[in-house]
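Just so you know, these numbers use all the heavy atoms, side chains as well, and skip hydrogens, waters and symmetry mates. For the single chain, residues carry numbers from 1 onward in sequence order.
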Amino acid sequence: MSRVGKMPVAIPQGVDVAIKEDQISVKGTGGTLNLATSRLVKVVNQDGKLSFAPADESRAADAMSGTLRQLVNNMVVGVSKGFEKKLSLVGVGYKAQAQGAKLNLQVGYSHPVEIAMPEGITVTTPTPTEVVVKGADRQRVGQIAAEIRATRPPEPYKGKGIRYVGEKIVIKETKKK
């Protein structure tokens with residue numbers, strides 16, 4: 001059996017988990033998240049802990065038990081604490097400004113780039129060169145952060161662009177005569 005699938009998911013106070021035939025719903029202070037379940041995995045709620053077991057002895061059921069366990073764990077953490085990704089802008093004149101549900105970026109193009117945030121995702125700019133993306137759904141937070149980074153990815157010669165905080169950029173050496 002999968003090592004990850006063996007570990008139960010602890011449900012903290014203030015988080016409600018509803019298990020239906022084909023869906024798991026997790027509700028908390030951060031919102032409500034839903035996930036379609038698989039026929040290959042049995043989900044059991046015992047004493048505030050969710051346990052996941054493969055429905056049969058197949059390799060696919062074993063793998064799916066670990067995958068489903070981690071997805072549900074991410075949902076529980078998301079509605080209780082939330083997830084965030086931090087990005088930094090490196091470059092002369094590069095700046096970001098959060099305006100409600102939109103992010104306005106000035107990253108060296110002739111026009112400002114506006115990115116609309118979907119429902120459930122919030123964006124803040126503590127300083128003009130920092131962007132913080134927050135939300136309950138880990139996948140959506142990561143996807144929005146990747147889309148923001150894709151507007152001006154870091155280039156390899158000067159390192160200018162939008163990067164994740166802590167991301168290492170390998171700087172190439174320029175051509176010498």
Side-chain angles (χ1 to χ4, degrees), residues 1-88 96 98-105 113-126 130-151 153 162-167:
M1 189 171 163
S2 165
R3 287 186 191 192
V4 174
K6 287 179 184 177
M7 297 184 290
V9 175
I11 302 169
Q13 262 187 328
V15 175
D16 297 325
V17 177
I19 302 169
K20 297 178 185 164
E21 252 181 62
D22 60 341
Q23 190 173 1
I24 297 175
S25 297
V26 180
K27 187 177 181 181
T29 57
T32 304
L33 297 174
N34 298 314
L35 178 69
T37 59
S38 174
R39 294 179 287 108
L40 298 172
V41 182
K42 294 181 210 163
V43 184
V44 179
N45 189 353
Q46 295 176 336
D47 303 327
K49 290 187 178 184
L50 291 173
S51 58
F52 300 85
D56 54 38
E57 295 297 319
S58 70
R59 187 173 179 151
D62 189 36
M64 195 55 154
S65 69
T67 300
L68 194 65
R69 183 255 178 222
Q70 194 58 42
L71 290 173
V72 171
N73 186 52
N74 287 342
M75 290 167 51
V76 169
V77 171
V79 298
S80 59
K81 297 177 188 169
F83 292 102
E84 73 175 26
K85 284 271 191 181
K86 294 180 181 179
L87 299 126
S88 66
Q99 298 168 333
K102 290 187 179 180
L103 179 67
N104 192 2
L105 296 170
V113 178
E114 251 186 34
I115 299 174
M117 294 296 128
E119 198 172 315
I121 302 291
T122 58
V123 65
T124 57
T125 50
E130 287 182 35
V131 178
V132 179
V133 182
K134 293 181 183 179
D137 190 349
R138 185 175 190 169
Q139 192 275 329
R140 288 178 73 200
V141 168
Q143 182 64 39
I144 294 297
E147 288 171 9
I148 292 170
R149 183 183 181 273
T151 59
I162 302 172
R163 62 176 81 172
Y164 298 113
V165 170
E167 180 181 9

Visitor: Return each pair, listed once, that meets side chain to side chain donor-acceptor pair (under 3.5 Å) where at least one residue sits in residues 131-143; pairs must be two or more places apart or across chains.
Guide: Asn74-Arg138, Gln143-Glu147
Visitor: For Ser51 and Val43, indicate whether the former's side chain and the latter's backbone hold a donor-acceptor pair under 3.5 Å.
Guide: no
Visitor: I need the Arg149 CZ to Ser88 OG distance, nearest 0.5 Å.
Guide: 10.5 Å
Visitor: Restricting to non-hydrogen atoms, name the atom on Leu35 and the atom on Met75 that form the minimum distance, rounded to 0.1 Å.
Guide: CB-SD, 3.5 Å
Visitor: Taking all non-hydrogen atoms of both residues, which atom of Pro118 and which atom of Ile144 are closest, and how far apart?
Guide: CD-CD1, 3.7 Å
Visitor: For a quick test of reading the model, state the closest non-hydrogen atom pair linking Ala145 to Leu87 and the distance between them.
Guide: O-CD2, 3.8 Å
Visitor: Taking the side chain as everything from C-beta on, heavy atoms only, tell me whether Ile19 gets closer than 4.5 Å to Leu50.
Guide: yes
Visitor: How long is the straight-line distance from CG of Leu71 back to CG of Leu33, given to the nearest 0.5 Å?
Guide: 11.0 Å
Visitor: Compare every heavy atom of Ile148 with every heavy atom of Thr151, then report the nearest pair and how far apart it is.
Guide: OG1-O, 2.7 Å
Visitor: Are there more than 12 heavy atoms of other residues, nucleotides or ligands under 6.0 Å from atom CD of Glu119?
Guide: no
Visitor: Can you give me the closest heavy-atom contact between Val4 and Arg69, atom names plus distance?
Guide: O-CD, 3.1 Å
Visitor: Enumerate the side chain to side chain donor-acceptor pair (under 3.5 Å) contacts for residues 37-46, please, sequence neighbours excluded, ordered by first and then second residue.
Guide: none
Visitor: To the closest 0.5 Å, what do you measure between CG (Leu68) and CG (Asn73)?
Guide: 11.5 Å
Visitor: Between Leu105 and Ala96, what is the shortest heavy-atom contact and its length?
Guide: CD2-CB, 3.5 Å
Visitor: Can you list the steps and then say if Lys27 with Val79 is a side chain to side chain contact (heavy atoms under 4.5 Å, CB included)?
Guide: CA-CA 7 Å; Lys27 187 177 181 181; Val79 298; over 6 Å; no
Visitor: Please name all residues satisfying side chain to side chain donor-acceptor pair (under 3.5 Å) with Ser58, sequence neighbours left out, ordered by chain then number.
Guide: Asp56
Visitor: Does atom CD of Gln13 have more than 12 heavy-atom neighbours from other groups under 6.0 Å away?
Guide: no
Visitor: Distance check, rounded to the nearest 0.5 Å: Leu103 atom CG versus Ile121 atom CD1?
Guide: 12.5 Å
